Structure formats: structure tokens, C-alpha cells
Amino acid sequence: MRPLPRSFYLRPTLTVAKDLLGKYLVRKLGRELLIGRIVEVEAYLGTRDPASHAYRGRTKRNDVMFWAGGHLYVYFTYGMHFCANVVTGPDGIGEAVLLRAVEPVEGIERMTKNRLHGNLSVAGAQRNLTSGPAKLCEAFAIGRRENGTDLMHGEIMIAAAPGPKPRIASSKRIGIRAGTEFRWRFYIRNNTWVSRKN
DNA sequence: TAGTTGATCGTCT
DNA sequence: GACGATCAACTAA
């Protein structure tokens with residue numbers, strides 16, 4: 001499995017966001033391989049988007065958002081959770097796509113163990129494993145250390161996946177106060193692993 | 001089923 | 001000193 005090339009991420013952020021749906025998120029963890037099919041994302045458009053971490057300019061926290069496309073921006077929130085973004089566009093613009101949910105494809109046992117070690121419970125069904133931005137980070141063991149990871153290097157990457165292009169739906173973004181007028185959440189229609197129905 | 005709340009801490013004001 | 005790109009447990013009806 002090979003990572004998508006840098007050029008994939010250097011395109012307009014909304015294009016990349018929709019194009020990420022159906023792709024594989026791949027994590028090499030020692031000898032184990034974790035794979036999830038991306039089913040839900042949100043776009044954050046840098047300094048022109050009031051909901052974006054980059055809205056008020058470059059800081060120590062959001063610095064990675066301003067790197068060139070194809071890096072991973074991981075942030076800590078609510079005192080306990082991590083969320084992962086794919087940086088998009090050329091160097092210096094501060095745009096990214098939040099990974100909100102994936103469908104587990106491979107390494108489900110490892111993901112379950114990772115979830116048990118974290119803050120969140122895996123209560124009940126397997127559909128709770130990766131159906132939210134903090135849940136998928138816990139399952140894939142993505143935390144502070146992974147902030148700034150280059151997705152070209154292979155440790156964490158996004159790869160092409162088999163199958164037809166998924167049917168895409170859009171909605172308002174979740175959990176934000178400003179910028180609610182934009183429908184920049186994209187997800188695969190009728191997919192069980194999407195974080196909530198809409 | 002919808003709505004509310006506690007947990008918990010780094011970052012920015 | 002306030003609050004968040006969350007989640008799960010709880011309450012009410």
C-alpha cells in the first residue's frame with residue numbers, strides 16, 4: 001500500500017475533503033497494521049473561517065495547520081480528547097480537514113485494545129469503535145506525538161481504496177459556535193459508522 | 001427520544 | 001479565568 005502523493009493534498013480544501021471519503025487511513029503500529037475507511041470529514045478553511053483554529057492566525061498550537069498539505073495536525077481538546085486533521089493546500093494558508101469517522105477494515109482487535117486503554121468506553125456495539133473524531137484517534141493511537149507527522153513517510157498515511165466512488169452527503173459542521181452557515185461536513189450516505197444521522 | 005451535564009486541561013484572553 | 005472541531009451517562013416525558 002502506497003501513500004497518496006503530496007499533490008492530492010495541495011488542491012482546494014473542499015475538493016480534498018470530499019475526495020478523502022472512501023479512502024483508507026493506514027497506521028503502522030510495530031508489526032500490526034490498522035486500516036479504516038474514511039466515512040466522515042469536516043473542512044476548516046483557515047483564516048477566512050471563524051470556526052477554524054487558524055482563524056486568528058498562526059500560534060504555537062495551530063502551527064502545523066500552516067504547513068504544506070499532507071501533514072497530520074493533531075490537537076487536544078475538552079481536557080481529554082485528541083482529534084486529527086489532514087493539512088491541505090500549499091504552505092502558509094492554514095487549512096485542514098478533520099477526520100470525524102472511519103469504518104474499521106483491519107486491525108479491529110488492536111483498535112479495541114487501544115480504546116480500552118484510553119478515556120472512552122467501548123460500550124456495547126462495535127460501531128462505537130471509530131464513529132467520532134476522538135474515538136478514531138484513540139483506536140488508531142493518535143496523540144500528541146503524532147502531531148506534524150508527514151503522511152508521505154508511511155507510518156501514518158492515506159491510501160487509495162478499492163470500490164466505486166461513494167455517494168456523498170453534506171451538512172453543517174458539528175460542535176462549533178461560529179461559521180454554522182457553511183455545509184462543510186461531508187459523509188458517506190447511509191454508512192453505519194458516521195458519527196450521527198443527519 | 002431529546003435535552004442536559006460532568007469529566008478534565010492546554011491554550012488564549 | 002473561560003472555554004472548547006467530544007463523549008457518555010443521566011434525566012424527563
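This structure is a prediction, so every number in the text was calculated from the model and none was measured. Per chain, numbering begins at 1; letters A, B, ... match sequence-line order. Values below: every heavy atom of this structure, side chains too, minus hydrogens, waters and symmetry copies.
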[X] to [Y] six-membered ring, cation-pi geometry met (6.0 Å, 45°):
X        : Y       : value
A:Arg11  : A:Tyr9  : no
A:Arg144 : A:Phe76 : yes
A:Arg173 : A:Tyr44 : yes

Q: For A:Arg27, enumerate each residue passing the salt bridge (charged side-chain N to carboxylate O under 4.0 Å, His left out) test, keeping only those at least two apart in sequence or located in another chain.
A: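 Residues passing salt bridge (charged side-chain N to carboxylate O under 4.0 Å, His left out) with A:Arg27: A:Glu146, A:Glu155.
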
Q) ring-ring contact (aromatic ring centres under 6.0 Å, His included) with A:Tyr55: which residues, sequence neighbours excluded? A)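 Residues passing ring-ring contact (aromatic ring centres under 6.0 Å, His included) with A:Tyr55: none at all.
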
Q | Non-neighbouring partners of A:Trp193 that pass ring-ring contact (aromatic ring centres under 6.0 Å, His included), sequence neighbours left out | A |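 Testing A:Trp193 for ring-ring contact (aromatic ring centres under 6.0 Å, His included), a comparison that skips the adjacent residues, returns none.
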
For the atom pair [atom1] ([X]) and [atom2] ([Y]), what is the distance rounded to the nearest 0.5 Å?
X        : Y        : atom1 : atom2 : result
A:Ile156 : A:Met152 : CD1   : CE    : 12.0 Å
A:Thr180 : A:Ile174 : OG1   : CD1   : 13.0 Å
A:Leu34  : A:Asn114 : CG    : CG    : 6.5 Å

Q.
Hydrogens and angles aside, do A:Ser195 and A:Arg100 bring a side-chain donor and acceptor to less than 3.5 Å of each other?
A.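 A pair is found: one side chain offers a donor N or O, the other an acceptor, under 3.5 Å apart.
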
(Q) I'd like to know if the side chain of A:Arg183 pairs up with that of A:Ser171 as donor and acceptor (distance under 3.5 Å, no hydrogens or angles considered). (A)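 Side-chain D/A pair, A:Arg183 to A:Ser171: absent.
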
Q. Could you write out DNA chain C as a dot-bracket string, with dots for unpaired bases, | for bases paired across to another strand, and Watson-Crick or G-U pairs counted at under 3.5 Å?
A. ||||.|||||||.

**Q.** Nucleotides bounding contact with chain A, strand DNA chain B, heavy-atom threshold 4.0 Å
**A.**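 Reading along DNA chain B, I get B:dA7 to B:dT13.
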
[atom1] gap between [N] and [M], integer Å:
N      : M      : atom1 : value
B:dT5  : C:dA13 : P     : 14 Å
B:dT8  : C:dC10 : P     : 15 Å
B:dT13 : C:dA5  : P     : 13 Å

Q: Please report, rounded to the nearest Å, how far the C1' atom of C:dT6 is from the CZ atom of A:Arg185.
A: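 Rounded to whole Å, this separation is 14 Å.
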
(Q) Nearest heavy atom decides the nucleotide; on that basis, is A:Lys60 or A:Met80 closer to the 5' end of DNA chain B? (A)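 Of the two residues, A:Met80 wins.
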
All N/O contacts under 3.5 Å from nucleotides 3-5 of chain C to the protein, with atom names and distances to one decimal?
residue	atom	partner	partner atom	Å
C:dG4	N2	A:Tyr78	N	3.4
C:dA5	OP1	A:His53	NE2	2.8
C:dA5	N9	A:Tyr75	OH	3.4
C:dA5	N7	A:Ala51	O	3.4
C:dA5	N7	A:His53	NE2	3.0
C:dA5	N6	A:His53	N	3.4
C:dA5	N1	A:Asn85	OD1	2.5
C:dA5	N3	A:Tyr75	OH	3.2

